[in-house]
Structure formats: C-alpha cells, structure tokens
Amino acid sequence: MNVKWVDTEKLEKTQDVEGAFKNVDGLLIPGGFGDRGIEGKIMVSKYARENGIPFFGICLGLQCAIIDFARNVCGWKDANSTEFKEGCKFPVIDLMHDQKKVKSKGGTMRLGSYPCRVKGRTRAYKAYGKRNINERHRHRFEVNNRYRKKMEDNGLVLSGENLELNLVEMIEIKNHPWFVGVQFHPEL
C-alpha cells in the first residue's frame with residue numbers, strides 16, 4: 001500500500017481534486033488545529049462523500065466532514081466552525097457551552113479518556129464490536145447540537161455519543177461504503 005500526502009493548502013489553490021486523488025483507495029483527514037488548509041480538507045471530505053471513497057476523519061477530520069455535510073447536503077452555504085470563522089451564520093462546529101465565557105483557552109480543552117455509547121448496526125459498532133467504549137480526546141470545539149436533527153434528517157448518522165455530556169463522538173453517512181468520523185483520537 002502506498003500513502004500519498006496531499007497538501008490541502010495547494011489543493012485550495014489548484015482546485016484539482018480529481019487529479020489529487022486519482023487512484024486512491026481511501027482518504028484520511030487527521031487531527032490538527034487552526035484554519036491552515038481547512039477549505040482543502042473540506043474539499044477532501046466532499047470528494048470522498050460524493051464518490052463513495054472510504055473516508056476516515058479524526059478530530060479535525062470529523063469537523064471538516066460536518067462542515068462539508070452542512071454546506072453541501074443541508075444547503076447551509078455559510079456553515080463553518082467558529083474556530084475558523086466567528087459569526088458565521090451556521091456554526092455547526094462551536095465551543096462547548098461551558099467554554100463560551102472563558103477568555104484564556106489554555107485549560108479549556110477536552111483532554112483525556114471519555115466514554116462513548118456506540119449505536120448498534122453502524123460501521124462504528126462493527127469496528128468496535130461493543131456498545132460502550134472509552135477514547136482519548138484533545139480538542140476544544142464540538143459538533144453543535146443545535147444542528148444535529150437537521151443533519152440526521154439529511155442522512156448523517158450519529159454513531160457514537162457521550163451521553164453524559166450530550167456530545168457527538170462519531171458520525172457516519174448513510175448509503176456510503178465507509179465514511180466515518182470520530183471526535184477523539186483512536187491512534188492514541
């Protein structure tokens with residue numbers, strides 16, 4: 001198997017998604033911070049989703065997939081993360097409610113192991129083989145619960161959730177060979 005690294009900043013400039021992903025067997029968007037290459041990452045999610053290419057989004061990768069889905073499936077063209085665009089019309093990724101008033105962001109991350117309830121009959125359940133898991137986190141921004149129902153109505157599957165905090169942990173897309181995003185870091 002070959003791994004092909006794609007510079008999403010260059011992808012934003014060239015817009016050559018077809019050329020960048022010719023002959024790939026799957027796409028991965030790993031975790032990260034900041035807005036560098038974000039629009040390119042959102043293009044990666046869209047390409048995988050529309051072309052039935054296996055996709056795995058880790059942390060920031062899940063967030064890019066949510067933005068793509070909100071913009072291109074739900075029709076919210078101004079959907080974004082408040083990390084990248086404060087004041088956007090559809091903040092589908094946002095700070096947790098308890099963090100909104102915190103000015104010093106250093107200690108506000110969701111760090112460490114958190115429980116996740118995996119929904120049965122999903123790809124996530126097939127991968128884990130059980131309903132209750134614990135995975136490590138290292139992020140601040142979350143899927144905005146205000147938009148969950150509309151996204152589910154349009155084919156997004158919330159395949160994992162932290163029930164105690166009412167937070168999305170895993171997503172999938174119906175009728176796709178393998179499109180999975182996780183808010184946590186399973187590689188840790």
Side-chain angles (χ1 to χ4, degrees), residues 6 8-9 11-12 15 17-18 20-21 26-100 110 116 118-119 122-124 137-163 165-185:
V6 174
T8 56
E9 284 183 296
L11 187 60
E12 290 173 351
Q15 302 284 306
V17 181
E18 288 282 337
F21 301 117
L27 295 166
L28 165 73
I29 300 176
F33 293 94
D35 63 355
R36 200 173 125 226
I38 285 298
E39 290 302 320
K41 290 175 178 81
I42 295 166
M43 292 165 61
V44 170
S45 171
K46 181 178 188 236
Y47 185 78
R49 182 180 48 75
E50 290 181 343
N51 292 282
I53 296 171
F55 172 88
F56 189 44
I58 298 173
C59 196
L60 181 63
L62 169 138
Q63 295 176 8
C64 291
I66 289 289
I67 295 167
D68 157 44
F69 193 87
R71 286 179 185 176
N72 299 304
V73 176
C74 296
W76 302 324
K77 298 301 176 200
D78 190 39
N80 215 321
S81 168
T82 55
E83 180 181 9
F84 315 133
K85 186 178 180 187
E86 286 186 38
C88 59
K89 187 173 180 182
F90 299 100
V92 293
I93 304 294
D94 200 2
L95 287 174
M96 292 185 286
H97 181 71
D98 294 348
Q99 296 174 312
K100 295 249 182 194
R110 186 154 65 116
C116 174
V118 180
K119 187 181 282 185
T122 60
R123 286 171 178 76
H137 292 70
R138 187 173 192 275
H139 66 276
R140 180 174 294 116
F141 291 82
E142 303 283 352
V143 175
N144 189 333
N145 288 333
R146 189 168 23 158
Y147 300 100
R148 285 168 61 163
K149 172 98 172 74
K150 174 78 174 186
M151 288 192 285
E152 285 182 288
D153 291 346
N154 280 282
L156 189 72
V157 176
L158 304 180
S159 54
E161 183 178 4
N162 180 305
L163 299 176
L165 299 174
N166 191 30
L167 296 173
V168 173
E169 296 283 10
M170 292 190 276
I171 61 138
E172 301 177 12
I173 294 182
K174 286 182 185 175
N175 305 317
H176 191 284
W178 178 268
F179 192 106
V180 175
V182 297
Q183 183 70 341
F184 47 78
H185 289 268

Sub-4.5 Å side-chain heavy-atom contact between I171 and V157: no
Non-neighbouring partners of R36 that pass side chain to side chain donor-acceptor pair (under 3.5 Å), sequence neighbours left out: E9
Only distances under 3.5 Å count here; give the side-chain donor-acceptor pairs of residues 56-66 to other protein atoms, sequence neighbours excluded, each with its distance to 0.1 Å.
{"from": "Q63", "atom 1": "NE2", "to": "F141", "atom 2": "O", "distance (Å)": "3.0"}

Pairing residues for V73 by the side chain to side chain contact (heavy atoms under 4.5 Å, CB included) criterion, not counting sequence neighbours: R49, F69, N154
Qualifying residues under side chain to side chain contact (heavy atoms under 4.5 Å, CB included), relative to E161, sequence neighbours excluded: R148, L163, N166
For K119, all residues meeting side chain to side chain donor-acceptor pair (under 3.5 Å), sequence neighbours excluded: none
Side-chain touch F21/V44, heavy atoms, less than 4.5 angstrom: yes
Any residue meeting side chain to side chain donor-acceptor pair (under 3.5 Å) with N51, in chain and number order, not counting sequence neighbours: none
Ring geometry between H137 and F184 (parallel below 30°, tilted from 30 to 60°, perpendicular above 60°): perpendicular
Pairs touching residues 56-67 that satisfy salt bridge (Lys or Arg N to Asp or Glu O under 4.0 Å), sequence neighbours left out: none
With sequence neighbours excluded, residues passing side chain to side chain contact (heavy atoms under 4.5 Å, CB included) with E18: D16, Y47
Residues that N72 engages under side chain to side chain donor-acceptor pair (under 3.5 Å), provided they are two or more places apart: D68
Sequence neighbours excluded - salt bridge (Lys or Arg N to Asp or Glu O under 4.0 Å) pairs with any residue from residues 81-91: D78-K85
Heavy-atom side-chain contact between P91 and R146 under 4.5 Å: yes
Qualifying residues under ring-ring contact (aromatic ring centres under 6.0 Å, His included), relative to F179, sequence neighbours excluded: F55, H176
Side chain to side chain contact (heavy atoms under 4.5 Å, CB included) involving R71 - partner list, sequence neighbours excluded: E39, I42, I67, A79, N80
